[in-house]
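Below, chains carry the letters A, B, ... as their sequence lines are ordered, and counting in each starts from 1. Just so it is clear, the model here is predicted, and its values are computed rather than measured.
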There are 2 protein chains.
Amino acid sequence: MGTTQLETVPEPKYWQLKTVLSEALDSEFAVGEILPNERELAARFGVARATLRQALEQLELEGRLQRRRGVGTTVAPPRVGVAVGTEEHAWPGAPSDAWQPVDCALRIPPAAVADALGTDRAERVHTLRRSRTSHGQPVAAELLYVPASSVPDLTAIDAPSGPARARAVLRELQRLELQGQERAVELGSARADDAKELDRLPGAPVLVVTTRFLSAGRTAALSVATYRADTCRLTFSDSGAVEIHHGPERQAS
Amino acid sequence: MGTTQLETVPEPKYWQLKTVLSEALDSEFAVGEILPNERELAARFGVARATLRQALEQLELEGRLQRRRGVGTTVAPPRVGVAVGTEEHAWPGAPSDAWQPVDCALRIPPAAVADALGTDRAERVHTLRRSRTSHGQPVAAELLYVPASSVPDLTAIDAPSGPARARAVLRELQRLELQGQERAVELGSARADDAKELDRLPGAPVLVVTTRFLSAGRTAALSVATYRADTCRLTFSDSGAVEIHHGPERQAS
DNA sequence: TAGTGGTCTAGACCACTGT
DNA sequence: CAGTGGTCTAGACCACTAC
């Protein structure tokens, strides 16, 4: 108690700005509505544009705003609940899985992936690209790594690459018996290729869902799925009906 | 194919910087080691400090760096795997749960919480604060909302607030039979109180885990747990042994 | 008190979108 | 093409930590 310093240390301007804007979004704007441009907003609040942008960045991170270069800043709809339970991240290729094959090739995976698969770091593995959409919007991009040993009967008759090859690999994978899964979620930033598929800029915040599929005591496949962190809420329940949102929402007219 | 524009559009400087720094972290630095300060790094790479900071921010977001005001920038250890399966987010108060009660009071919850609980928005509910640590470091702060109807036999004998009260509420909660849980994960930014508990600045990126506990067809309790996104990887498997990391790691001497 | 990261400014130019 | 958000600069000062 010897310290006499003020308890009301001044909050950063961008933090106050964020609060003010957040309240304005709740009360004065409808979902989809376009905000004034950054230069005007900055002038209106009497701050530098960089400071305003710091506030907007936070609001975008929280899923309240959506910004697009050349277009403007719009009020984002509430986050979409995306189910990532055992149903939707099922044994890849199962009829119930939510993914659409895009491409497939034999590639040398990142060292960390090779280690998780238990393969040699110089060994090529089947690398599938798949995508997932929700309400017509892309929500996730996946890289699925399948070591050759998991699909021993894959014939050369099938196409060497492309979606057809992807389907062939998935079909073969189905012949293995799935023992269990290990899943992890962490924050990441979108690599250039994922960003493109998710319609975001490189470096955009994403939720990375890593799933290890176990069969016969081995890692039969490894999935690294990249979800848009701004628009997605990952749900782990059966119904996916956790209805949490952050304030009043209205539809743009 | 009509477009003749260069495929090698210049990447942003901060993106290249991030790549360079990332590789340097893998090969030339040990975990815990202190990097040169921002002004020197900026000068060394020939960029403005703001640009360098943009690269550092990304690396911190990815859990590669840790920055602390007044101290410096250090190389972060690999992310800690934190289990958030049904064991660790068990029926609150069960012997197996990973949380430490901190405080408890009767408060009017946020409107969204009241809606999820099915209580009136003006009705006060038991609001417990709990914290979770891993390897001696705080990893998560939780707010647990328990409507009075879930703990009808709570006696006035117990302390009206504080950790003792929290334990009393949890004890009563145990008398209900847990039917199931619904869990969701999304990205958020730390509120001031959470930030303090997590030893971060307000606005720091966090993974928000919302759990709805169901009993007798109702929401018996709602947990909003805030995990440090920079240091945590949330695991959903039994063993929690998904060993993914991003490069060679050495210990600082 | 010296040194660190955090905030803020007032500009400039670039890349992209729509018309 | 005009208008938007994205990047970048070269400063300044502030809040915090450790000595």
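- Taking 4.0 angstrom as the limit, A:T73 places a side-chain polar atom (N or O) nearer than this to OP1 or OP2 of D:dG5.
- Shown here are the side chain to side chain donor-acceptor pair (under 3.5 Å) partners of B:R129, two or more places apart in sequence or in another chain: B:D193, B:D194, B:E197.
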Per-nucleotide protein contact along nucleotides 6-12 of chain C, 5' to 3', at a 4.0 Å heavy-atom cut-off (B base, S sugar-phosphate only, - neither), is BBSB--B
Considering only distance and modelled atom types, tabulate donor-acceptor pairs under 3.5 Å from the side chains of residues 45-57 of chain B, sequence neighbours left out.
unit_1	atom_1	unit_2	atom_2	d
B:R49	NE	B:E38	OE1	3.0
B:R49	NH2	B:E38	OE1	3.0
B:R53	NH1	B:E38	OE1	3.2
B:R53	NH1	B:E38	OE2	3.1

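- A rotation axis mapping the C1' atoms of four pairs onto the next four is fitted at both ends of the helix from C:dT1-D:dA18 to C:dG18-D:dC1 over five pairs, and the angle between these axes is 20° to 10 degrees.
- Protein atom CG of A:L56 is 8 Å distant from nucleotide atom P of D:dG5, rounded to whole Å.
- Residues passing the side-chain contact (heavy atoms from CB on, under 4.5 Å) test with B:P12, sequence neighbours excluded: B:Y14, B:W15.
- Residue pairs satisfying the salt bridge (Lys or Arg N to Asp or Glu O under 4.0 Å) criterion with at least one member in residues 104-113 of chain A, sequence neighbours excluded, are absent.
- Legend: residues meeting side-chain contact (heavy atoms from CB on, under 4.5 Å) with B:P163, ordered by chain and number and at least two apart, are B:R167.
- Pairs passing the salt bridge (Lys or Arg N to Asp or Glu O under 4.0 Å) check and including a residue from residues 201-210 of chain B, sequence neighbours excluded, do not occur.
- Two residues, A:V71 and B:L35, neighbour DNA chain C, and the one matched to the more 5' nucleotide by heavy-atom proximity is B:L35.
- Other residues, nucleotides and ligands contribute over 12 non-hydrogen atoms within 6.0 Å of the CG atom of A:L106.
- At the phosphate of C:dT4, OP1 or OP2 sits under 4.0 Å from a side-chain N or O atom of B:N37.
- In this view, A:S223 and A:E142, A:L144, A:T211, A:F213, A:A225 satisfy the side-chain contact (heavy atoms from CB on, under 4.5 Å) rule, not counting sequence neighbours.
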